[in-house]
Enquirer: 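Once you've had a glance at the structure underneath, I'll fire off some questions.
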Amino acid sequence: MLARYLPLLQCYGNIMGRTTIIARPLLASNFSTNRTTSQDANASAQSEGRREEQDSSSKEDDVKFKIFNAALPLVHQLGWTKECLEAGAESIGLSKSSHGIFEHGGTSFVHFFHRNCNKELRKIAKDEQIESAKSDELTKVHQLLEQRLQMILPYLPQWPQAMALMARPHSSLDSYKLLYELADDICFFAGDRSLNATWYTKRAAVAGLYITGELSLVQDKSANCDESWRMLARRIDDLRKVEEFGGSCSRQQEILKDIAQSSLTLIRNLTGMQSYQRNSR
Amino acid sequence: MLRVDHAGEFGANRIYAGQMAVLGRSKSAALIQHMWDQEKEHKKIFDDLMVKHRVRPTALMPFWHIAGFLLGAGSAVLGEKSAMACTVAVEASIVEHYNDQLRKLANENPEKHAEIMAAIKKCRDEEQEHHDTGMDKGAEQAPLYKAMTAAIKVGCKAAIALSTKV
């Protein structure tokens, strides 16, 4: 049925002078169930190691980015919704229905925001050469986390809505992927090069810290959200203590081994087995 | 793909560690130590590739840590020839696996994957060497040679399938 309106859409597109740009995403969003943008395809299909390659954009991404940028300032009045995207598209001269490039309306809006923030974070990490800085890993994690959390500060009043959109079942898979990417990026740029179980524990810890930070910011009433930053610093200190404890545990393991060996020798001495062994040699 | 190779080299390291733990003072000790050192080099190569391509390591690492050691120690306890038989079986599976990967990479895009292909080729050639050394040292005379090698090969196939996904 929609096919009947296709020529009409194409005419409209012609009038606006942007046929291919509008018609293709509209078609895609109406007919295909697959993700339309190359960036999405990259993220889900190919391996994790190609995130830096994804950061280069395609034509569709450019349009998406333009609409996104135009809609962001309007989030305060219109929230993370389809209406906000419509208003954004209109403000830069595109048709109102080109909000359809964001497949799921508000949810896609928030996803794109997160993906953009992650991209910004990678850029900051590379520009400030955080990897080669002298501070220890946890300090870098703290630094990167703070910067990432600060990116949501301008939209804090509407952030609960964004979080609710991300938590919905049909978008929770994508939210999980974005969180995984974020945790992986932060750990990588903080200098983590582990390739065993600690790979998992570190990323889980960072993801947990991010979520805690987000939740804390949302209900923070203090000036400049100082309470949240202090809480984050305390969590990082906790992690540092856990690391030290882990290190001291392995040292204690050595001591325990020595104690076990000497008690065995003691028992052998007491039971006379030691001299038996010595004599039989 | 790098994940399973990394896990494989890690497992091989643990197997040789297990064999050394039992046979550390026998006449095969020097040989096993030499093969173990080569496996350590292989693992280092894959470590670097993993970090470069930001690949997630397999979640089963702790499991392979223990299982590899047990396999090595277990086969060594049965005797030196059994240890060689275990080596032969494992290396045969790994060589087959590497050849499959090389074929796949060559079909996709040889230029793009040149570095990974070179690494896999080097490791495959040395694993083949280990296999031949094992055969020379009398692996086939180990008791229950056929049953043991079959069982180990099946185990390796399962491990490879698991580590690719998990």
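So that the names make sense, note that chain A is the first sequence line, chain B the second, and so on, each numbered from 1.
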Enquirer: Looking at side-chain heavy atoms only, is the closest gap between B:Met50 and A:Trp199 below 4.5 Å?
Expert: no
Enquirer: B:Gln33: what forms a side-chain contact (heavy atoms from CB on, under 4.5 Å) with it, not counting sequence neighbours?
Expert: B:Met20, B:Trp36, B:Asp37, B:Lys40
Enquirer: Got a sec: does the NZ of B:Lys43 have more than 12 other heavy atoms crowding it under 6.0 Å?
Expert: yes
Enquirer: How about CG on B:Leu144, more than 12 heavy atoms from neighbouring residues, nucleotides or ligands closer than 6.0 Å, or not?
Expert: no
Enquirer: Ignoring hydrogens, what is the shortest heavy-atom contact between A:Leu195 and B:Val55? Give both atom names and the distance.
Expert: CD2-O, 4.4 Å
Enquirer: Measuring from B:His6:NE2 to A:Asn196:CG, what's the distance to the nearest 0.5 Å?
Expert: 8.0 Å
Enquirer: Indicate the atoms forming the closest heavy-atom contact of B:Ala59 with A:Tyr200, along with that distance.
Expert: N-OH, 3.2 Å
Enquirer: Do any side-chain atoms of residues 77-91 of chain B form donor-acceptor pairs under 3.5 angstrom with protein atoms, and if so which ones, sequence neighbours left out?
Expert:
| unit_1 | atom_1 | unit_2 | atom_2 | d |
| --- | --- | --- | --- | --- |
| B:Glu80 | OE1 | B:Ser28 | OG | 2.4 |
| B:Thr87 | OG1 | B:Ala83 | O | 3.0 |
| B:Glu91 | OE2 | B:Tyr16 | OH | 2.9 |
| B:Glu91 | OE2 | B:His130 | ND1 | 3.1 |

Enquirer: If you count heavy atoms of other groups shown closer than 6.0 angstrom to CZ of B:Phe63, is the number above 12?
Expert: no
Enquirer: May I ask you to test the A:Thr198-B:Met61 pair for a side-chain heavy-atom distance under 4.5 Å?
Expert: no
